[in-house]
Amino acid sequence: MPLRMSGLMSGMDTEAIVKELMSAQTLKKTKVTKAKTKLEWKQTAWSDLNTKLMKLYNDFVSKMQLESTYKTKKTSVSDTSKANVTANSNAANGSYTLEVSHIATAQYLTGGVIDAESEDTKLTALDAGLLNKEIEITNGDKNVKFAVTADSTLADFTSALKEAGLNANFDKGQKRLTISSKESGLKNTFTLKTSGLTDAEVQARNDLKAAVGYDKMSAANKKAVNQAIETLRTSGVDTDEYNTALDSLAKAAYESKKSQTDASATTYVKAKLYSEKYADMEKEAEEGLKANYYNEDGTLKDGKTEDDYKKAVAKKADTDTTAYVNKEITSSASKLQISEAAFTGKTEADINALGDKAVAAYYKDGVNAFDKMEGVDQDSVKADITAAVSAYASISPDDRNQAAAGSVLNSLGIADISKAADGTVTVEGATPKGMALIKGSDSEIILNGATLTSSSSTVSVNGLSIELTGVTKPNEPITFSVSNDVDGVYDSIKSFLKEYNSVMKEMNTLYNAESAKGYEPLSSDEKEAMSDDEVKLWEDKVKGALLRNDSTLNGIIQGMRSAMMTTVEHEGKRYSLSSFGIMTATDWTEGGQLHIYGDKDDSVYSGQKDKLKTALEEDPDAVIATLTGVFGNLKETMSQKMAGTKYSSALTFYNDIKMKDDLRSYEKEIKEWEDKLATMEENYYKKFTAMETAMAKLQSQQNSLGSILGTNG
């Protein structure tokens, strides 16, 4: 800033003079600022109203134009300790009798106590006879075969049960296995069957599973492999079944290895991005947190240590870098890096080139995923497992046959379980001490004399949903009735009209607001001259009139009122809302609000005849046809009003796009005025400074002349 000589020689108040000179020019900027503020207030007013209109549309209008809204049913049950009943629109009105014979149960097996300390206990440690036994688990259409090896543990067994879709757990406190169906009913019961495997069969299966990477597969791919192995066991070499199984194995192995490769590539690229960005984030963290730990003179603040500062920086740098990586990993450039990494592989040198922070952030488990990063194609995978498949397929029938093993599960505290023709389960052989089995069963009811079943505790039939809560005594049925829910429908209409009236009242208040002519938003100087209450009253006056006589608002009001006056034809007659006592008031200032004649909560019209409830009871079809037609027209009208245009966004009732553009124009104009005024003010000061300089020179010259003429002193 140049040196300003403010009245040093002239004695004038330069600051005051410049302020007065700038005052008139500043008014032009103030006018634009006020216009921007007024538009922002108008934008807020419209946004608030738009929210209320959208709530009316989404929560009420969209629902009230559907027939299903008016076809609700209500039920009355004589004994809710036995059943709860709900009915949809398809349920037949009338009285029903109900007997509850049985409520569905889920199959639940609690094993006996076994000599195991944890899930890591090996099965062969419980019973050496379990080695090379196969436990077949069937649950509905799911079938899993679990072959017991020398390394198999209780955890492996419960995993196989879970793979079959069951709940399974070993309680180390009680030392018991628990196995249960996830759903009730006969169709959801499970069976357990054991058989023996020859050594050759076990070895061939293990080799084949190792070749396809079975241990690291997803549950879906494990299932595909198990099915393929079973097909190979029973089919001949080069048969269609054999080749299909081979393709299935190759596909599962390819998908699994490709997934691991992709995951490893993603991990590598994440670490690479982290390594590249961490230093920048660390520097930003150091600068951002320094003021929290150090004083301006560089000394530590009370209670702070350098170690605290370093830890905080490291934590923030890690958090910020990780957030950056997670965002960047979805970019096209990163996806390309992932693709390249997946098919070229990375060496240990590549890993070592990354920063320690990056490795720590993405390899916390200490697993080196890069070893898996090799190009994968289906043909090479198929070639890799062909030898294992051939070895498996070459096992002689005698070596492949499974021998009946008898019940060998007793050492696990459970037993073999089979299923009878009627779906009930049966324990095979001896039952281990302490084992308990709750058999899965269906619900059974007698509804109006007909016996019905369900796999759950809820029975659905002909629009009825019967939730069973207790069993009735033989030949002592309970009763329930189904009828139209007149009160519920009436209350829905009433709730809708209450919301509609609330929105209409607000729109009319905004449109018919008192004029605020002469009132504009206050400048900072104007606010300083007024009290807080005076400022609030002034601004409320301006805000209240922002949508006065607004053409867009008037279009919405008139469109909605017109839609609510729609007439509908039903069976040769024309109906409107007024046909059922839904009327506007005689007070025109309400602006089209609607009332239900006979509504007990309406202080003005409660004494009128209640046509609506009567019609809902006596002629519901006419009411439904009329209301769906009228409210459907209202929905269409509101949809049109909030359709997107070049001036407004979709689902918006006002010109939000134009308002945003206008606000940007105001902001640009204000910035131009600020620059212009700053230049103007500086020019004024330059002129005054030049004047003061000139006067100083003149004074100096006069002093010199006086000295020469001897007039000084």
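Computed from heavy atoms alone, side chains included, the values below leave out hydrogens, waters and symmetry copies. What you are looking at is a predicted structure, and each value in this text was computed from that prediction instead of being measured.
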Participant: Could you go through the side chain to side chain donor-acceptor pair (under 3.5 Å) check for S639 and Y57 one step at a time?
Facilitator: CA-CA 9 Å; S639 296; Y57 180 86; 2.9 Å; yes
Participant: How far does CG of D151 sit from OG1 of T124, to the nearest 0.5 angstrom?
Facilitator: 8.0 Å
Participant: Assess the side chains of E136 and N143: does a donor N or O sit below 3.5 Å from an acceptor N or O?
Facilitator: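 Note: E136 and N143 side chains meet the donor-acceptor criterion.
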Participant: From the options K42, M642, M659, select the one residue that forms a side chain to side chain contact (heavy atoms under 4.5 Å, CB included) with Y654.
Facilitator: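 Looking at K42, M642, M659, the match for Y654 under the side chain to side chain contact (heavy atoms under 4.5 Å, CB included) is M659.
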Participant: Any side-chain heavy-atom pair from D127 and L412 closer than 4.5 angstrom?
Facilitator: no
Participant: State, with a plain yes or no, whether a side-chain heavy atom of K209 is found less than 4.5 Å away from one of I229.
Facilitator: yes
Participant: Can the positive tip of K641 be found less than 6.0 Å from the middle of the six-membered ring of F653, inside 45° of the ring normal?
Facilitator: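 No, a cation-pi geometry is absent between K641 and F653.
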Participant: Would a 4.5 Å heavy-atom cut-off, applied to side chains only, mark I657 and S649 as touching?
Facilitator: yes
Participant: Out of curiosity, L126 CG to T121 OG1, how far, rounded to the nearest 0.5 Å?
Facilitator: 6.0 Å
Participant: Would you tell me whether Y666 and T33 have side-chain atoms, one donor and one acceptor, within less than 3.5 Å of each other?
Facilitator: no
Participant: Can you name the closest pair of heavy atoms from M54 and L651 and give their distance?
Facilitator: SD-O, 3.7 Å
Participant: Would you check if there is a donor-acceptor pair between the side chains of T244 and D247 at a distance under 3.5 Å?
Facilitator: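 Note: D247 and T244 side chains miss the donor-acceptor criterion.
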Participant: Would you say the side-chain atoms of R176 pair up with the backbone N or O of G111, donor to acceptor, closer than 3.5 Å?
Facilitator: yes
Participant: Do R664 and D661 sit within salt-bridge range, that is, some charged N less than 4.0 Å from a carboxylate O?
Facilitator: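 Between D661 and R664 there is a salt bridge, with a charged N closer than 4.0 Å to a carboxylate O.
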Participant: Say you draw a straight line from CD1 of I135 to CG of L130; how long is it, rounded to the nearest 0.5 Å?
Facilitator: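 One finds 6.5 Å between CD1 of I135 and CG of L130.
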Participant: Kindly determine whether K63 and D59 satisfy salt bridge (Lys or Arg N to Asp or Glu O under 4.0 Å), including the steps that lead there.
Facilitator: CA-CA 7 Å; K63 172 185 173 184; D59 296 353; over 6 Å; no
Participant: What are the two closest heavy atoms between D308 and G303, and how far apart are they?
Facilitator: OD2-O, 4.2 Å
Participant: Between T231 (side chain) and Q227 (backbone), is there a donor-acceptor pair under 3.5 Å?
Facilitator: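 A pair under 3.5 Å: yes.
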Participant: Can you confirm if the aromatic rings of Y309 and Y294 lie within a centre distance of less than 6.0 Å?
Facilitator: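 Centroid separation for Y294 and Y309: below 6.0 Å.
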Participant: If I take atom OH from residue Y108 and atom CG from residue L166, how far apart are they, to the nearest 0.5 angstrom?
Facilitator: 12.5 Å
Participant: Under the criterion side-chain hydrogen bond (donor to acceptor under 3.5 Å, both in side chains), which of T319, D318, D320 is the partner of K316?
Facilitator: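 Testing K316 for a side-chain hydrogen bond (donor to acceptor under 3.5 Å, both in side chains) against T319, D318, D320 leaves exactly one candidate, D320.
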Participant: Does a sphere of radius 6.0 Å around CD in Q640 hold more than 12 heavy atoms from other residues, nucleotides or ligands, not counting ones at 6.0 Å or beyond?
Facilitator: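 Enclosed: over 12 neighbouring heavy atoms sit under 6.0 Å from CD of Q640.
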Participant: Does E183 CD have over 12 foreign heavy atoms under 6.0 Å away?
Facilitator: no
Participant: Before giving the answer on side chain to side chain donor-acceptor pair (under 3.5 Å), spell out for Y214 and N221 the whole-Å C-alpha distance, their side-chain angles and the decisive distance to 0.1 Å.
Facilitator: CA-CA 8 Å; Y214 184 87; N221 279 329; over 6 Å; no
Participant: Regarding S152 and T149, is there a side-chain donor-to-acceptor distance under 3.5 Å anywhere?
Facilitator: yes
Participant: Tell me whether E669 contacts the main-chain N or O of V32 through its side chain, where contact means a donor paired with an acceptor under 3.5 Å.
Facilitator: no
Participant: Kindly give the heavy-atom pair with the smallest separation between A285 and A317, and that separation in Å.
Facilitator: CB-N, 4.2 Å
Participant: Is the CG atom of D115 crowded by more than 12 outside heavy atoms at less than 6.0 Å?
Facilitator: no
Participant: Using only atom types and a distance under 3.5 Å, with no angle test, would you say the side chain of Q65 pairs donor to acceptor with the backbone of S62?
Facilitator: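 Yes; at least one donor-acceptor contact below 3.5 Å.
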Participant: More than 12 non-hydrogen atoms from neighbouring residues, nucleotides or ligands closer than 6.0 Å to NZ on K272, yes or no?
Facilitator: no
Participant: More than 12 non-hydrogen atoms from neighbouring residues, nucleotides or ligands closer than 6.0 Å to CG on D297, yes or no?
Facilitator: yes
Participant: In chain order, what residues pass the side-chain contact (heavy atoms from CB on, under 4.5 Å) check against D215, with sequence neighbours excluded?
Facilitator: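 For D215, no residue satisfies side-chain contact (heavy atoms from CB on, under 4.5 Å) once neighbours in sequence are set aside.
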Participant: With no hydrogens and no angle check, do the side chains of S181 and N188 hold a donor and an acceptor under 3.5 Å apart?
Facilitator: no
Participant: Taking atom types as modelled, is there a side-chain donor on D416 or T194 under 3.5 Å from an acceptor on the other?
Facilitator: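 Distance-only check passes for D416 and T194.
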Participant: Let me know which of I438, L186, L192, T189 forms a side chain to side chain contact (heavy atoms under 4.5 Å, CB included) with V425.
Facilitator: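 That would be T189.
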Participant: Are more than 12 heavy atoms from other residues, nucleotides or ligands located less than 6.0 Å from atom NZ of K290?
Facilitator: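 Not more than 12 within 6.0 Å, no.
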Participant: Roughly how far, to the nearest 0.5 Å, is CG of L123 from CD1 of I114?
Facilitator: 8.5 Å
Participant: For a quick test of reading the model, state the closest non-hydrogen atom pair linking K142 to E163 and the distance between them.
Facilitator: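 Taking every non-hydrogen atom into account, CD-O, 4.3 Å.
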Participant: Would you confirm whether S457, through its side chain, and A104, through its main-chain N or O, come within 3.5 Å as a donor-acceptor pair?
Facilitator: no
Participant: Which atom pair, heavy atoms only, marks the closest approach of T652 to D656?
Facilitator: CG2-OD1, 3.6 Å
Participant: Which heavy-atom pair separates E119 from T158 by the least distance, and what is that distance?
Facilitator: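 Scanning both residues, the minimum pair turns out to be OE2-OG1, 3.8 Å.
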Participant: Between the side chains of Q337 and S334, is a donor N or O closer than 3.5 angstrom to an acceptor N or O?
Facilitator: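 Short answer, no.
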Participant: Just checking, any donor-acceptor pair under 3.5 angstrom between side chains of T299 and N295?
Facilitator: yes
Participant: So, T153 and D120: side-chain donor and acceptor under 3.5 Å apart, yes or no?
Facilitator: no
Participant: One thing to verify: whether E255 and K251 come together as a salt bridge, which I'm taking to mean a side-chain N less than 4.0 angstrom from a carboxylate O.
Facilitator: yes
Participant: Flag the pair T322 / K270 as yes when at least one side-chain heavy-atom distance between them is below 4.5 Å, and no otherwise.
Facilitator: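 T322 vs K270: side chains apart.
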Participant: May I ask you to check whether over 12 heavy atoms, not counting those of K193, lie within 6.0 Å of atom NZ?
Facilitator: no
Participant: So do M217 and V212 actually touch side chain to side chain, heavy atoms under 4.5 Å?
Facilitator: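 When only atoms from C-beta onward are counted, M217 and V212 do touch, with a gap below 4.5 Å.
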Participant: Counting N and O atoms only, with roles assigned by atom type, does the side chain of N226 sit under 3.5 Å from a partner on the main chain of K222, one being a donor and the other an acceptor?
Facilitator: yes
Participant: Could you measure the distance from the CD1 atom of I417 to the CG atom of L109? Nearest 0.5 Å is fine.
Facilitator: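 Those atoms lie 4.5 Å apart.
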Participant: When you compare the side chains of S47 and T44, does any donor N or O come within less than 3.5 Å of an acceptor on the partner?
Facilitator: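 Side chains of S47 and T44: no pair found under 3.5 Å.
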